[in-house]
Amino acid sequence: MWISELSERSGVPVPTVKYYLREGLLPPGRATGATRAVYDDRHVQRLRLIRALVEVAGMGGERIRAVIAAVDDQRADLHDVLASAHEELSPVPEREPSAEAREAVARLIDLRGWQVTPRGRHAEALAAALDALHGAGQALSEDALVAYADAVAGVAALEIGSMSEASREDAATYAVIGTLLVEPVLVTLRRLAHEDLSSRRFSRSEQAQQR
């Protein structure tokens, strides 16, 4: 396909496609002349991944390059690709987490038997979140932390189990879009459950009906 069709199929404007080509984020097409080239479905997949990283994840150039590098590194397995995409989604804490929070996260990882990086970006982000809760006077008990971990492990199993190994670009795109667009669903479901349980436990009209 020509660059105009590539633009149409991917939803990325032609000038932006050319920019990604210049920056090396999109591999060059097959040259058919001094100024013309043809592209294929691989380029469509790559542009969809870049769109997800830019428009959904809000990533800048260097972070996009880190994900693209993992996708293009044939020595890396699919886990490395997904890990790279996910790692770029976790914020770097503004303050270094406390030793206590890091120890709580390490105990959780050990208890769950998770094969993760103990001091990786996700673990550090979780430790920072625990510190924030503690600082707000709402410290999370380890039992509660384990309960949260057990709940989300089921969600993660569903998501990872549905991923295809056919395309590294598709897997990375799914990791980004699936994570960021599903998270609001999870948060809202939690709030709906809170509303239901709060109504059952604290609503005066509900209590009156039970009498």
Report yes or no: does Arg168 contribute a side-chain atom to a donor-acceptor pair with the main-chain N or O of Ala70 at less than 3.5 Å? yes
Arg190 atom CZ, over 12 foreign heavy atoms within 6.0 Å: no
Is the backbone of Ala128 close enough, under 3.5 Å, to the side chain of Arg95 for a donor and an acceptor to pair up by distance? no
Would you say NE2 of His122 has more than 12 non-hydrogen atoms from neighbouring residues, nucleotides or ligands within 6.0 angstrom? yes
Without swapping roles, check the side chain of Ser10 against the backbone of Val44 for a donor-acceptor pair under 3.5 Å. no
Donor-acceptor check, side chain of Asp131 to backbone of Pro97, threshold 3.5 angstrom: yes or no? no
Would you say the side-chain atoms of Arg30 pair up with the backbone N or O of Tyr39, donor to acceptor, closer than 3.5 Å? no
Carboxylate-amine/guanidinium proximity below 4.0 Å for Asp72 and Arg46: yes
Distance col, row Met59:CE vs Ile68:CD1, nearest 0.5 angstrom, shows 10.0 Å
Would you call Glu96-Arg102 a salt bridge at under 4.0 Å N-O? yes
May I ask you to decide if Pro184's main-chain N or O and Thr188's side chain share a donor-acceptor pair within less than 3.5 Å? yes
Does one hydrophobic cluster hold both Leu26 and Val38, with members joined at side-chain heavy-atom distances below 4.5 Å? no
Exceeds 12 heavy-atom contacts within 6.0 angstrom, atom CD of Glu8: no
Is the backbone N or O of Asp40 less than 3.5 Å from a side-chain atom of His43, with the two atoms forming a donor-acceptor pair by type? yes
Using a strict 4.0 Å threshold on nitrogen-to-oxygen distance, state whether Arg42 and Glu169 make a salt bridge. no
Does Ser203 reach the main-chain N or O of Arg200 with its side chain, forming a donor-acceptor pair under 3.5 Å? no
